[in-house]
Amino acid sequence: MTRHVNPIKRSYLLLEDWFNLSFGADWNPLYHLGTLAFFFFWVVLVSGIYLFIFFDTSIAGAYASVEYMTHDQWYAAGVMRSLHRYASDAAMVTILLHMFREFSLDRYRGVRWFSWFTGVPTLWFVITLGITGYWLVWDELGLFVAVYSAQLMDTLPVVSGSMARDFLAGQLTDRLFTLMGFLHLLGQPVILIIALWIHVKRLSHVNISAPRGLAIGSFLALLVLSLLKPATSHGPADLDKVPTVLNIDWFYLNVYPLLDRWTADQVWLVTTGVTLLLMIMPWLPPKKTGPAAEVHLNQCNGCGQCAQDCPFDAITVQARTDGARWASEVVVNPDQCAACGICMASCHASNPFRQPQKPLETAIDMPQFPIDEIRRLTGKALAELKGDTKIIVFGCDNAVDVADFKAPDVAVLSLFCAGMLPPTLVEYALAHGADGVLVTGCRSGDCYYRYGNIWLDQRFAGRRKPILRQRAQRERIEVFRAAVTDTARLRRGLAQFREKITAVKRQAAHTDPSTGREAGDA
Amino acid sequence: MPELLRYSLQALNYAVFMLLVWYFSVAPPYTHLSPDQAVITVAFAHAGERREACRELSAEELARLPPNMRAPMDCPRERSPVSVDLLVDGERVIDEVHTAPGLYNDLGVDIYRSAKVSAGEHRLVVHMNDNARVEGPTHVHEETVVLEPAQHLVINFNSDTREFFIK
């Protein structure tokens, strides 16, 4: 039966389809939202350092120095200013899309709670960094931001005195401006980097580099925008005047208009409430995750491949505790285990050709779906196949539902993740009656468990242990990526694979097994 | 898909993305203050009077105290709340009551409250009560002002001279 897909997820996958069409899976920006945000942050950082060279951190000089950069040195500092602003805004777009993606694809609960939970306050660090940036320009918008920020701060019980009164004519000093400069240029970026480090702390193989092509394309787009629509300032801040109409940056300053309608206390209540609600979302309701992987030390030689492959850093290698001759062993942290089964396929002992007459035991296994059960179900399904082209489809619980494809000549077996498939199981299926093996799972670059389909590709290509051995007939093996909404695509892919297997079998029938030549060759 | 078409579609996507980035970085414009309006802000720091008056201790009371604490006057620390209201042409636009902060409610209050009014001539009346032992305002200031559009007029209070003044 086709899996139910909620409209949000369906819409998001459609958007992914659109970007896959033009960018391909490798450059699809929706698969690289986090790394894109990092890329924009680097652009902001480098452009910000350049702007700091010319920036005057005084009340009297700040606006004039920004104007100098914008108009007199438009070709360098002006472009840098525009890159600084637009990269900040682009970062906000990618961060919001990143959040939406994790939410719509249900990747914010379970073991992922930590990244979501720490990501929400990190978003606020980004926003406050943008706010102080607008403040420093010290134009009418900067004054508006400064006065309203001060009013927000004044309502906090930890702030003594009134910051807002500092912005009355005759009260403001350069010291406050120097403080803001320090905050924006050093304090806040350092806090943000620490927050980002914490944000990815519970993940392994963290990638913060956007694909080169995507980075180049994004930078060129920013550059074109910076030349066509250079960032400019409002009029200079005048403490005797109140700004009237403002072209505010809605990505960063959207809270401020609320202060014209609500009190500062109400604004704090709403923003704090929304923040807390977002932070506790991983438990509304909590995700049900299966039992964690179990280590069987009597089978483990401590090679550590499973620890290298775990996408959530749940497995560590430690000194041997059972007195066996191996130096190390692995241990699973159940709190961080997503129960994806990738580790089981990483293990060399998860080989279905082993222990044919007794229950197959491996070194790291999933108690709810052990390798022995997978071998048994595979053998049973293969034994029931009828027809000329017997195909077994190994699927993934988070992608298209392979149960839809069950037929007299097609057996199906859904795993937790495509990365849970030991390469030797493919060989096992081919050796036990399958004419072809089709493996399907999440779309390329978009594994629900982060690295399942990447590890699968690398194992099949012989670039990651355990490899799919050379003896496995590659022409009888197909990997077809299909998201949960791609049933029709997979149906077409399966039909093509069936034709291919028929052709392979026909060719094999015409080939002389002793010479390897086709029958009738001279 | 042909390379040219693929790159063209990429360019289209980048263009849409940058259009979104540019538009919301400056638009839609936000009207913080109508061009025919001005702002009046009441802003000052001031410590209210003691909530209870100082009292002279009797000889008997002084005798009960350790010798080093025999101050002749007992002055409770708690300060009165400060209430302030502003009437513009008879209409109350600001009405604030601030309790003295601090663990013992013994610190001065900081007041900062703004109101938008139309530009032009206005009669301002500001009342303040900083003494809980007095009914009604303890300080009153009246003045007629002419406000320019977008002008920021500040009503301050000098705690030394105990007078309001307008900047």
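Note on naming: letters A, B, ... go to the chains in the order of the sequence lines (proteins, then strands), and numbering restarts at 1 for each one. This one's a predicted model, so the numbers in the text were calculated from it and none came from an experiment.
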### Task
Indicate the atoms forming the closest heavy-atom contact of A:Ala25 with A:His32, along with that distance.
O-NE2, 4.2 Å
### Task
Please state whether the side chain, the backbone, both or neither of A:Leu168 comes within less than 4.5 Å of a heavy atom of chain B.
side chain
### Task
Tell me, for A:Leu214 versus chain B, whether the close heavy atoms (under 4.5 Å) come from the side chain, the backbone, both or neither.
both
### Query
So what's closer than 4.5 Å to chain B heavy atoms on A:Ser88: side chain, backbone, both or neither?
neither
### Residues of residues 103-118 of chain B with any heavy atom under 4.5 Å of a heavy atom in chain A
B:Asp110, B:Ile111, B:Tyr112, B:Lys116
### Message
Less than 4.5 Å to any heavy atom of chain A: does that hold for the side chain of B:Val154, its backbone, both, or neither?
### Response
side chain
### Message
Quick check on A:Phe144 against chain B: is it the side chain, the backbone, both or neither that has a heavy atom closer than 4.5 Å?
### Response
side chain
### Winner by heavy-atom pair count (cut-off under 4.5 Å) against chain B, out of A:Leu253, A:Val245, A:Leu259, A:Thr244
A:Thr244
## Note on the structure
Answer key: most heavy-atom pairs under 4.5 Å with chain B among A:Ala231, A:Pro29, A:Pro243 is A:Pro243
### Contacting moiety of B:Tyr23, where chain A heavy atoms sit under 4.5 Å
neither
### Task
Using modelled atom types only, decide if a donor and an acceptor are shared between the side chain of A:Asn20 and the backbone of A:Asn28 within a distance under 3.5 Å.
no
### Message
Please check: side-chain N/O of B:Asp89 versus main-chain N/O of B:Arg123, any donor-acceptor pairing under 3.5 Å?
### Response
yes
### Message
Minimum heavy-atom separation for A:Asn254 and A:Leu258, please, with both atom names.
### Response
O-CG, 4.4 Å
### Query
Which atoms form the tightest heavy-atom contact between B:Ser159 and B:Ala45, and what is the distance?
OG-O, 3.5 Å
### Query
With a 4.5 angstrom heavy-atom cut-off, which part of A:Ser226 approaches chain B: side chain, backbone, both or neither?
neither
### Query
Just by distance, with hydrogens left out, do A:Asp260 and A:Tyr148 show a side-chain donor and acceptor under 3.5 Å apart?
yes
### Query
Does CE in B:Met69 sit with more than 12 non-hydrogen atoms of other residues, nucleotides or ligands closer than 6.0 Å?
no
### Task
Verify, without hydrogens or angle tests, whether B:Glu91 (side chain) and B:Val88 (backbone) share a donor-acceptor contact under 3.5 angstrom.
no
### Query
Out of curiosity, A:His234 NE2 to A:Asn247 CG, how far, rounded to the nearest 0.5 Å?
4.5 Å
#### Entry: B:Asn131 (side chain) donor-acceptor with B:Thr138 (main chain) under 3.5 angstrom
no
### Query
Which of these, B:Phe164, B:Phe44, B:Phe165, sits in a side chain to side chain contact (heavy atoms under 4.5 Å, CB included) with B:Asn158?
B:Phe165
### Message
So for A:Leu239, is it side chain, backbone, both, or neither that comes closer than 4.5 Å to the heavy atoms of chain B?
### Response
backbone
### Nearest heavy atoms of A:Arg85 and A:Thr232, plus distance in Å
NH2-O, 3.3 Å
### Query
Between A:Phe167 and chain B, which part of the residue has a heavy atom less than 4.5 Å away: side chain, backbone, both or neither?
neither
### Query
In terms of heavy-atom pairs under 4.5 Å, which option from B:Thr41, B:Val39, B:Leu9, B:Asn13 contacts chain A the most?
B:Asn13
### Message
Could you report the tightest heavy-atom contact between A:Trp135 and A:Ala146, atom names first, then the distance?
### Response
CE2-CB, 3.5 Å
### Query
Is there a donor-acceptor contact under 3.5 Å from the side chain of B:His141 to the main chain of B:His127?
no
#### Entry: More than 12 heavy atoms from other groups under 6.0 Å of CH2 on A:Trp74
no
### Summary
B:Phe17 and A:Phe40 have their tightest heavy-atom pair at CE2-CZ, 3.9 Å
### Task
Residue by residue, scan residues 47-64 of chain B and write down, ordered by number, those that have a heavy-atom distance under 4.5 Å to chain A; if none do, write 'none'.
none
### Query
Between B:Pro29, B:Pro35, B:Ala38, which residue shows the highest count of heavy-atom pairs closer than 4.5 Å to chain A?
B:Pro29
### Query
Do B:Ser83 and B:Asn129 have a side chain donor and acceptor closer than 3.5 Å?
no
### Query
Side chain, backbone, both or neither: which part of B:Pro149 has a non-hydrogen atom closer than 4.5 Å to chain A?
backbone
### Contact class of A:Leu225 relative to chain B, heavy atoms under 4.5 angstrom
side chain
#### Entry: Atom group of B:Ala43 that falls short of 4.5 Å from chain A, counting heavy atoms
both
